[in-house]
Each structure stands twice: as structure tokens, then as C-alpha cells.
Amino acid sequence: MKAYVIDHVADDPGHALRVVEKTPLPPGPGEVRVRMRSASLNFRDLRIFRGQYRPSLPLPLVPLSDGCGIVEAIGDHVREFIPGDRVATTFFQDGPSGGSPASLSRVTLGCERDGVLSEWVTVPASGLVPVPDHLSDSEASTLTCAGLTAWNALMEGDSVRPGEEVLIQGTGGVSIFALQFARLSGCRTIVLSRHDEKLERARKLGASETINIQACPQWEQEVLKRTDGRGVDRVIEVTGGESLPRSLEATRTGGQIQVIGVLSGVESRVSLLPVLMKEIRLRGLLVGDRPMFLRMNRAVEANRLIPVVDRIFSFEEAVEAYRMLDRGAAFGKLVVRIADP
């Protein structure tokens, strides 16, 4: 079988990635072998091949965590799946429930364990979920990380309520899923981007308000203006770095900020005064576990939600998919088609 591997750290994916021949592993007890059809990319995948995410990872490594495929063979004691089932991989792979952020040893695909940019993968049955029937393979491959992260930020724990205002940074995978889930929940949404054409697409998806942060660098003041000085109920914070102080300013008293990404850096100089005076809750989250994934998929199926896929690349074009992600050119998700149905 063919698989991409990261064989050394490099700045450009064309230097870090190469195609190798590997032998498909037979499934052991409790395991499933999956013929992969599609895989999608996340910002984390850029940081991994550059050695920025887990610098001590042993190489070579098959990248990517998010994929959809067909069950080809099952090992002993597997009861949940049979050959022919269409499945998606879970982000966390350890533990009886497919792992969780609470796990002491967080084993994730495309990082601590070989990922899905491969013609076949063999994983524990607990590391798979059935996918909604109405989704294509490409659409289903986007659910694992971006979809579940957005779902966790809005629908788990203290979930959003109809009529609440949600500020969404950017138009990448997590952000567009957040826009879709917020709309399903009856929320008013404000989307930030540097690109007018992306903001126009966000409005067509149902964004209530949009702000071009290049034309309006003090966007937090504009958010306050558009919320009559109150601020938003919840912020989907995917940027990190210098944007966090602005998010605090844009959040209402008693509101919350879901800290998801670090697109502009992992460090931020933040005054604690607005956190204290406005009683703002900062919540860091890392995707979600398998039971949460199953809950999300039920909602996706019931509402016939269609993930937004910007572009589908062939298996041979995987490096170009990485480069498009690195340019920040995507609206929604980028997918690599590994095999045709």
C-alpha cells in the first residue's frame, strides 16, 4: 500500500513528505482495518511536520488524524462494525471510549500514532465511529477534529442558547463548523476575517454580521458597537496570541471565551482585570472524545448538515493541500481523496 510519511522536520511540506510502500497490518483482537477514502487537514498538521507541535516525535510518521473509509476486515471480539461499514477515525485513540482529553496518555492519530494519509489503516474499534449516511466521504472526513472541536465549544457543557451572540474568528475549518452549529442553535453570529470574499461566503452561510479586521484592526470596539456596548456571549478564539486581549474586551460580563487555536502564537500578554471585573470564563479545549463524536453525528444527521469543503485534492496532490492550508487560503476544509468509492 502507499502512504505518505514525514521523514524529517522541514519548513515546506514538499521537503518533509514522501510516499512510501507499506504492508497493511492485519487487524488484531479488537482492531479494524479500514480502506481509507478521504482525509482532511488541520492547522495542527502544519505544526507537526515543522517540529513545532511535538518536537520529540519519532519519525518517520504517517500524518493526518481525520479520515473516512470503509471497514475491510475486523479482528476478534469486534462487534460494532462489519466489513463494508463506512467509518470515520476519532482524534484520540487510547481508552475504551476512544480516548479523551482527560487521558493520562493521549494517543492521537498523525502524531503519537501513524495517521490516515495512507491507503489503509488498522486501529482499535474504539477509534472509529459510523458516519452519517447523507455525507460524502470527503464531507465525513472533516468531522473528526474541526467538526467535533466546534461542537464541543458550543454544544457541550454550558451549551449556547437560542438568541445568544457568538463571535467567530476566521473562516477555517473549526470556524465554519462553529458558524453552522451556532445557526442550528438559533444564535446570532459575528464572523471576523481579513478577506471580503470570505466574509461574503460567510454571510451566504448565514452569518448575521461580518467584520473585516484588516479594515477595522480594533475589531473589539466594532463588536461592542454592534452589540450596543454589551459584548458577545461567547467567543470562538482560534487565533490566540495578541487576539486574546481583544476577545476579552469584546465579551460581555459573565460571558465565555472558548480557547481553541494558536494561529498567531501560543503566548499572550493578558490583563487579568477584565477577567475578574467581567467574570469572564476562559475554557481551553482539545477536540472531544468518542461519545461526544457520536452525539454530534446524531445532530449532523438529524439536521442534514453538510460540512463546507473548499477543495478536494488527489492523493498525489497532498503536498499542494498542505501549501494551500499554509497560505490561509481555505474557506472551511481541505480534503485529500485517497481512493474513489
Do [X] and [Y] come close enough that some side-chain heavy atom pair is under 4.5 Å?
X    : Y    : answer
Y322 : L17  : yes
P130 : L294 : yes
F181 : C187 : no
S208 : T189 : yes
V308 : L179 : no
T227 : I190 : yes
R201 : T171 : no
Q169 : E237 : yes

* To do: Flag the pair R323 and E320 as a salt bridge only when some basic side-chain nitrogen lies within less than 4.0 angstrom of an acidic carboxylate oxygen.
  =>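 Here R323 pairs with E320 in a salt bridge, since their nearest N and O are under 4.0 Å apart.
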
Establish whether [X] and [Y] are linked, either directly or via other cluster members, by ILVMFWY side-chain heavy-atom contacts under 4.5 Å.
X    : Y    : result
V34  : I70  : no
L57  : L109 : yes
I236 : L224 : no
L325 : I312 : no
L64  : V19  : yes

* Show your working on side chain to side chain contact (heavy atoms under 4.5 Å, CB included) between F81 and V87 and close with a plain yes or no. => CA-CA 9 Å; F81 302 107; V87 294; 3.6 Å; yes

When rounded to the nearest 0.5 angstrom, what distance separates [atom1] in [X] from [atom2] in [Y]?
X    : Y    : atom1 : atom2 : result
F92  : M292 : CZ    : CE    : 9.5 Å
R113 : T89  : CZ    : OG1   : 11.0 Å
R230 : R252 : CZ    : CZ    : 5.0 Å
F91  : D66  : CZ    : CG    : 8.0 Å
T210 : D196 : OG1   : CG    : 8.0 Å
I168 : L192 : CD1   : CG    : 9.0 Å

* Asked: Does any N or O in the side chain of D310 come within less than 3.5 Å of the main-chain N or O of F331, such that one atom is a donor and the other an acceptor?
  ->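 Answer holds: yes.
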
* With no hydrogens and no angle check, is any side-chain donor or acceptor of N297 less than 3.5 Å from a backbone partner on V131? ->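 Side chain of N297 to backbone of V131, a donor-acceptor pair under 3.5 Å: no, none is there.
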
* Looking just at side-chain N and O atoms, do T108 and R44 make a donor-acceptor pair shorter than 3.5 Å? ->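 R44 and T108 do have a side-chain donor-acceptor pair below 3.5 Å.
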
* Do T90 and Q93 get their side chains close enough for a donor-acceptor pair, meaning under 3.5 Å? ->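 Yes.
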
Can you pull out every side chain to side chain donor-acceptor pair (under 3.5 Å) where at least one residue sits in [range]? Sequence neighbours excluded, please.
range            : value
residues 115-124 : E72-W120
residues 153-162 : W151-E156, E156-R295, D158-R161, D158-Q256, D158-R281
residues 13-30   : D7-R18
residues 50-59   : R50-D326, R54-E112

Compare every heavy atom of [Y] with every heavy atom of [X], then report the nearest pair and how far apart it is.
X    : Y    : answer
L61  : C111 : CD1-O, 3.4 Å
S141 : S40  : O-OG, 2.7 Å
A178 : L154 : O-CD1, 3.3 Å
P29  : H77  : CB-CD2, 4.0 Å
Q180 : I306 : NE2-O, 2.8 Å
V191 : A202 : CG1-CB, 4.2 Å

* Asked: With a cut-off of 6.0 Å (strictly less than), are more than 12 heavy atoms of other residues, nucleotides or ligands near CD of E200?
  ->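 Yes, CD of E200 has more than 12 neighbouring heavy atoms, counting only those of other groups under 6.0 Å.
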
* Answer yes or no: are there more than 12 heavy-atom neighbours, outside E197 itself, under 6.0 Å from its atom CD? =>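 It does: E197 CD has more than 12 such atoms within range.
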
If the condition is side chain to side chain contact (heavy atoms under 4.5 Å, CB included), which residues does [X] pass it with, not counting sequence neighbours?
X    : answer
R304 : H134
N303 : L184, A299
E222 : I211, C216, K225, R226
L285 : T149, N152, A153, Q258, I260, R283

* Quick one: ring-ring contact (aromatic ring centres under 6.0 Å, His included) partners of F293, sequence neighbours excluded? ->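 Testing F293 for ring-ring contact (aromatic ring centres under 6.0 Å, His included), a comparison that skips the adjacent residues, returns none.
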
* Asked: Does F315 have any ring-ring contact (aromatic ring centres under 6.0 Å, His included) partners at least two apart in sequence or in another chain, and if so, which?
  ->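 F315 satisfies ring-ring contact (aromatic ring centres under 6.0 Å, His included) with Y4 only.
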
* Residues which pass side chain to side chain donor-acceptor pair (under 3.5 Å) with Q214, listed by chain and number, not counting sequence neighbours ->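 Q214: no side chain to side chain donor-acceptor pair (under 3.5 Å) contacts found.
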
* Asked: What's the verdict on side chain to side chain contact (heavy atoms under 4.5 Å, CB included) for D85 and L128, showing C-alpha distance, side-chain angles and the deciding distance?
  -> CA-CA 11 Å; D85 285 346; L128 298 168; over 6 Å; no

Distance-only check: which donor-acceptor pairs under 3.5 Å involve side-chain atoms of residues 333-341, not counting sequence neighbours?
{"unit_1": "K333", "atom_1": "NZ", "unit_2": "L41", "atom_2": "O", "d": "2.7"}
{"unit_1": "K333", "atom_1": "NZ", "unit_2": "N42", "atom_2": "OD1", "d": "2.7"}

* Asked: With respect to P132, which candidate in E301, M296, R86, R298 satisfies the side chain to side chain contact (heavy atoms under 4.5 Å, CB included) definition?
  ->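 That would be E301; it is the only one of E301, M296, R86, R298 passing the side chain to side chain contact (heavy atoms under 4.5 Å, CB included) with P132.
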
* Can you check side chain to side chain contact (heavy atoms under 4.5 Å, CB included) on L135 and T142, steps first, answer last? -> CA-CA 10 Å; L135 298 183; T142 69; over 6 Å; no

* To do: Please lay out, stage by stage, how R33 and L25 fare under the test side chain to side chain contact (heavy atoms under 4.5 Å, CB included).
  => CA-CA 7 Å; R33 188 172 71 209; L25 295 175; over 6 Å; no

